[in-house]
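Everything on this sheet refers to the single structure shown next.
Proteins get letters first, then strands, A, B, ... in listed order; numbering begins at 1 in each. The figures here come from the full heavy-atom set of this structure, side chains too, leaving out hydrogens, waters and symmetry mates.
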Amino acid sequence: MEKEFITIHEKETAVKVQNTRVNAVRMKDIVKKGVRVYKDGKIGISGAIGEVPDEILLENAVQNLNAGISYPYELSGNLKDHRDYGKNRMSGDQLLERAEKILERLRTEYSDFDFNEIILTRDVSWQMKNTKGLDLEYKDAYMILALILKEKKSANVIDGYLEYYGRDFDLDKFWEFNSQLLEAYRHKVPLPEGDTLPVFTFGFSELQNFLSRSLNGEIYATGGSIFSNKLGQKLFNEKITIEQNMSPIYRAEPFFDMEGVVLKDDRYTLIENGRLVNVYTDKRTADVYKLPHTGAASGDYDGVPSLIGAPLRFAVDSHDIKSALGGKMGILVAVSSGGDFTADGSFAAPVQVGFLFDGEHIIGKLPEFGIRSHLYKMLGEDYIGTFENKNFYFGEGMQLQGYYMTIVR
Amino acid sequence: MYSFPKGLYVDVRIEETFETKISFKKDVLQEQKVRRNKGAFIRVFDGNRWYYSSLTDLSRVQECIDALARMATPNNNIMEHPIVKAFEVNRDRIIQYEKDSVTDIPVAEKQALLEGYLKLLDYPEIVHHTSYYVDNKTIKSIYSSKGTAITFDKQTCGIRFNLELAYGDNKNHDIVSKAAIRFDELKGLDDYFKERIEKAVAFVREAVPVEPGIYTVLLSPEATGVFTHESFGHKSESDFMVGDETMKAEWALGKIIGRDLLTIVDDGLVPGNGYTPYDDEGTKGKKTYIVKNGKLTGRLHSAATSAALEEPLTGNARAVNFQFEPIVRMTTTYIEKGDRPLKDIIAEIDKGIYVETIRHGSGMSTFTMTPSRAYMIENGRITTPVKVSVITGSVFETLAEVDAVSQEFELLSFIGGGCGKMEQYPLPVGFGGPYIRVRKLNVQ
């Protein structure tokens, strides 16, 4: 019988903010443990939150073998890879001091806004070890600032956000960008003329989710994906390359999947120059549907590895937004909540907060509007490009992506 | 039980949870998992700032109280602080599920129940499916330095089918589910599931893209529930209002925001996902009329917001689990039923959209609903299935557009997912209501 152990340790200090003042300090120190056993092509699982002895978890996992869950796949093994991505670990006191400074300046210079929610520092470690010689460790430490912005004269619940995620917070860069952003909130501008406008997004979750579903090997192979039967075909603009990207730099998650697989350079190409070249898979999906295995297993720390989603990342294909705009003004989507794609790829969403920008600077805040397009148009003839984020201090690894979209006024 | 330091307010929330998750991918067992966890959340308040900590080793609760107390500044007048004065003192024990506990059902029986329903999914259009049985039983205990000592239990269980559908180039994914409180309520549901599965199959075969535009929209109880939750429920969470004079003026109690036929309730005592006999700071659950006959009559509170806005407690301070502090959240929120038969309401619509099931919703200044299944209404009849990306409306205007409320009424709970508010997701909430007609919504 082979045994596998997963341990996740998460320490967090969070400063809760109410009306631009520190309202509370929260501390968390949580350990989650998962144990898997493998015997005769079956898997048994168990787990717990807290320091439960491994022997008890092992006993429970052995009992779980009786469920008869099939797992006839070779375990990952013979690999030691320890990585620590944390650069500047911050103590709770340092975080509190930093938060107080930021809030004081916001109260003083931006008293026409109110700020609420959270600034936190998180220290995480993931370990995955098994009796086949697998020994993986991912450590990280990062800061998250997520402040809901509310214009005091507005009756909205939320008017926008100040955001940061990263390991190397630079207060000067934070103010350089956010001063510009907050001035833009104060400066209301009309939507440019035209039915179709260049729209730029960062962290476009609806697109990520739709692509993630559509590139899921199981959904693809069983015929439920919009891309089913299109492997090898050109789907998108020639500039577009999309990878399953496991690098923790962009998402503060382990570089290995939940089956202990580490990819070469932490990535696997799924769309190459607009062409569908792979779909993502775990060991079971690759075996059942005879697809290449891409190391995309996910699942709970105490669960059976499963194919649910995969972290996707566009390759940067363009470099100068201003020249891509060709003298036109673009629209930067800051908050778009609640929109979605239909199963056949049509997309529509409201834009609750959008800004006019010239490719480098944010000019002013736009009134609410809607955007509409279709997957194949956005990533086809209407695609502008994926740009490294150079100008906006939102967080590490953030990209900006542009497409022409229909504007719903 | 605990030694509470002087000059500080302290409360301790202890949660013991039991969870089962069984899943099949097609007909193959994917997972069979039983979790038992314990954890505690501790709050210390010195009148100026809160100090929170969560832990899993319950033998260290006292140690943790003492550590947080050392960070705080003792305040001899803490009992006179408006927030501390607002806290109810309750001593109670409500254990309802000793007899029908999901903890007593063998996991094999739960698996057999789910497996028995898989035969209902045998359609060529259902190209893949993942099926779940889930249950949760939580025993919560809350103790405070004011004298609160409460223990209660709550449980839910349910079955969910995630369907991947394809018919030629038409694709869709849909969810069919049923929530319950007791395991036995999940038996004998073949007809219930079959009807909904057949609708999902028909939808992928027949649905056509909707013509975008402004439509009269009829919402099912499920859609009404999401509409109520997103369009107005979040607005009634009063933490958004503390220290905000514009919001207070915009949403002043007594303001008319809808027609006489519109009454919106949040009720923590309704069994199901939103059941909150005591909230997570020990306030007794209540039925709160947020809107009565079109007039704004109340909002949802924690002790802190109740003190700040000088309004009564409502029992809405809830945390998603023991790792988080309670914040103002909904429980079971719904529009009260009306007096009109559904068939009469439909008959009055010449051209409109009927939204039957919902994928997700959101509620800022513009609220949204993403239908899973929607249909055209033409000349008073529900006709062609239509694919809709999103339905939107302004939270400031849409409640006034509700012009019909049915006598048919249903309360529901989701299996999987829940309500999200910043970092705390998913919180189980109840929702539902009657069929309602909204005169104008933007459909895309």
Side-chain angles (χ1 to χ4, degrees), chain A residues 16 18-19 22-31 45 47-51 64 67-70 114 117-118 146 148 150 152-158 213 218-219 222-226 228 300 302-304 306 335 337-344 346-350 352 368 370 372 408, chain B residues 21 25 28-33 35-39 49-57 71 127-128 164-166 169-173 209 212 234-235 240 242-247 250-251 323 325 359-370 387-390 392 396 422-423 442 444:
Chain A
K16 299 289 294 189
Q18 187 179 53
N19 299 131
V22 175
N23 171 252
V25 179
R26 184 182 73 203
M27 280 151 295
K28 191 193 285 189
D29 188 347
I30 302 284
V31 176
I45 54 168
I49 295 180
E51 282 291 357
N64 188 251
I69 297 165
S70 172
D114 203 8
E117 204 41 33
I118 201 165
I148 294 174
K150 168 92 179 52
K152 283 187 178 170
K153 62 186 179 192
S154 149
N156 289 338
V157 169
I158 294 169
R213 266 189 57 77
E218 192 166 51
I219 297 174
T222 50
S225 164
I226 191 174
S228 289
D300 292 330
D302 59 348
V304 175
S306 179
V335 181
S337 171
D340 213 339
F341 287 82
T342 62
D344 57 8
S346 293
F347 171 74
Q352 286 90 353
E368 285 197 42
R372 201 161 65 211
V408 183
Chain B
K21 181 183 173 192
K25 283 195 174 189
V28 179
L29 180 66
Q30 171 72 19
E31 189 165 79
Q32 186 210 74
K33 180 167 71 182
R35 267 184 187 162
R36 291 174 192 270
N37 284 318
K38 287 182 185 178
R49 193 170 279 179
W50 288 90
Y51 299 89
Y52 305 143
S53 186
S54 59
L55 71 162
T56 51
D57 181 353
M71 297 169 68
V127 293
H128 191 62
E164 299 295 337
L165 300 123
D169 285 340
N170 287 350
K171 317 283 181 189
N172 201 21
H173 55 105
H234 282 297
K235 284 276 184 192
F240 289 123
V242 172
D244 189 330
E245 296 306 320
T246 311
M247 285 283 278
E250 180 69 26
W251 301 101
Q323 298 182 45
E325 69 280 10
R359 196 166 288 148
H360 58 78
S362 73
M364 294 177 65
S365 47
T366 299
F367 77 89
T368 68
M369 289 186 292
T370 303
K387 301 173 195 175
V388 176
S389 295
V390 65
T392 59
F396 301 104
M422 295 308 289
E423 59 178 343
N442 190 354
Q444 296 184 68

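The shortest distance between side-chain heavy atoms of B/Lys235 and B/Trp251 falls below 4.5 Å. By the 4.5 Å heavy-atom criterion applied to side chains, A/Ile69 and B/Leu29 are counted as neighbours.
A/Asn19 touches chain B through its side chain: at least one heavy atom from C-beta onward sits under 4.5 Å away, while N, CA, C and O do not. Looking at B/Val242, both its backbone and its side chain come within 4.5 Å of chain A, counting heavy atoms on both sides. Interface residue B/Ser54: backbone and side-chain heavy atoms are both found under 4.5 Å from chain A. Both the backbone and the side chain of A/Lys28 come within less than 4.5 Å of a heavy atom in chain B. Using a 4.5 Å cut-off between heavy atoms, A/Ile158 touches chain B through backbone and side chain atoms alike. Both the backbone and the side chain of B/Arg49 come within less than 4.5 Å of a heavy atom in chain A. Contact of B/Met369 with chain A is not made at all, since no heavy-atom distance falls under 4.5 Å. Heavy-atom distances place the backbone of A/Ser225, and not its side chain, under 4.5 Å from chain B. In this structure, the portion of A/Ile30 lying under 4.5 Å from any heavy atom of chain B is its side chain and not its backbone. Of the two parts of B/Asn172, the backbone and the side chain both hold a non-hydrogen atom closer than 4.5 Å to a non-hydrogen atom of chain A. Using a 4.5 Å cut-off between heavy atoms, A/Val31 does not touch chain B at all.
Comparing A/Ala67, A/Ala146, A/Ala349, A/Gly47 by heavy-atom pairs within less than 4.5 Å of chain B, the highest count is held by A/Ala67. Interface remark: of the candidates B/Lys387, B/Arg359, B/Lys38, B/Lys387 forms the most heavy-atom pairs closer than 4.5 Å to chain A. Residue with the most contacts toward chain B among A/Val304, A/Asp300, A/Ile148: A/Val304 (heavy-atom pairs, distance under 4.5 Å). Interface remark: of the candidates B/Gln32, B/Arg36, B/Glu250, B/Gln32 forms the most heavy-atom pairs closer than 4.5 Å to chain A. Contact count versus chain B (heavy atoms, under 4.5 Å) is highest, among A/Gly370, A/Ser70, A/Gly50, for A/Gly50. The choice from A/Asp29, A/Asp302, A/Ile45 that makes the most heavy-atom pairs within less than 4.5 Å of chain B is A/Asp302. Most heavy-atom pairs under 4.5 Å with chain B: of the set A/Gln352, A/Gln18, A/Glu51, this distinction falls to A/Gln352. Counting heavy-atom pairs closer than 4.5 Å to chain A, the top residue among B/His128, B/Glu245, B/Met71, B/Lys21 is B/His128. Counting heavy-atom pairs closer than 4.5 Å to chain B, the top-ranked of the candidates A/Gly303, A/Gly338, A/Ala343 is A/Gly338.
With rounding to the nearest 0.5 angstrom, the CG atom of B/Leu55 is 12.0 Å from the CD1 atom of A/Ile49.
A donor-acceptor pair shorter than 3.5 Å cannot be found between the side chains of A/Ser306 and B/Glu31.
Minimum interatomic distance between B/Ala166 and A/Gly223 (heavy atoms only, all atoms of both residues): CB-O, 3.3 Å. Contact between B/Tyr52 and A/Lys16 at its shortest, heavy atoms only, is CE1-CG, 4.4 Å. Smallest separation of non-hydrogen atoms from A/Pro350 and B/Thr368: CG-CG2, 3.4 Å. Taking all atoms of both residues into account, the shortest heavy-atom contact from B/Pro209 to A/Asp344 is CG-OD2, 4.4 Å. Contact detail for A/Lys150 and A/Ala155: the closest heavy-atom pair is NZ-N, 4.4 Å.
The side chain to side chain donor-acceptor pair (under 3.5 Å) check on B/Lys171 picks up nothing, with sequence neighbours excluded.
Judged by distance alone, the side chain of A/Ser337 and the main-chain N or O of B/Ser362 form no donor-acceptor pair under 3.5 Å.
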Before you tell me yes or no, could you show the steps for A/Glu218 and B/Glu164 under side chain to side chain contact (heavy atoms under 4.5 Å, CB included), namely the whole-Å CA-CA distance, both residues' side-chain angles and the distance that decides it to 0.1 Å? CA-CA 10 Å; A/Glu218 192 166 51; B/Glu164 299 295 337; over 6 Å; no
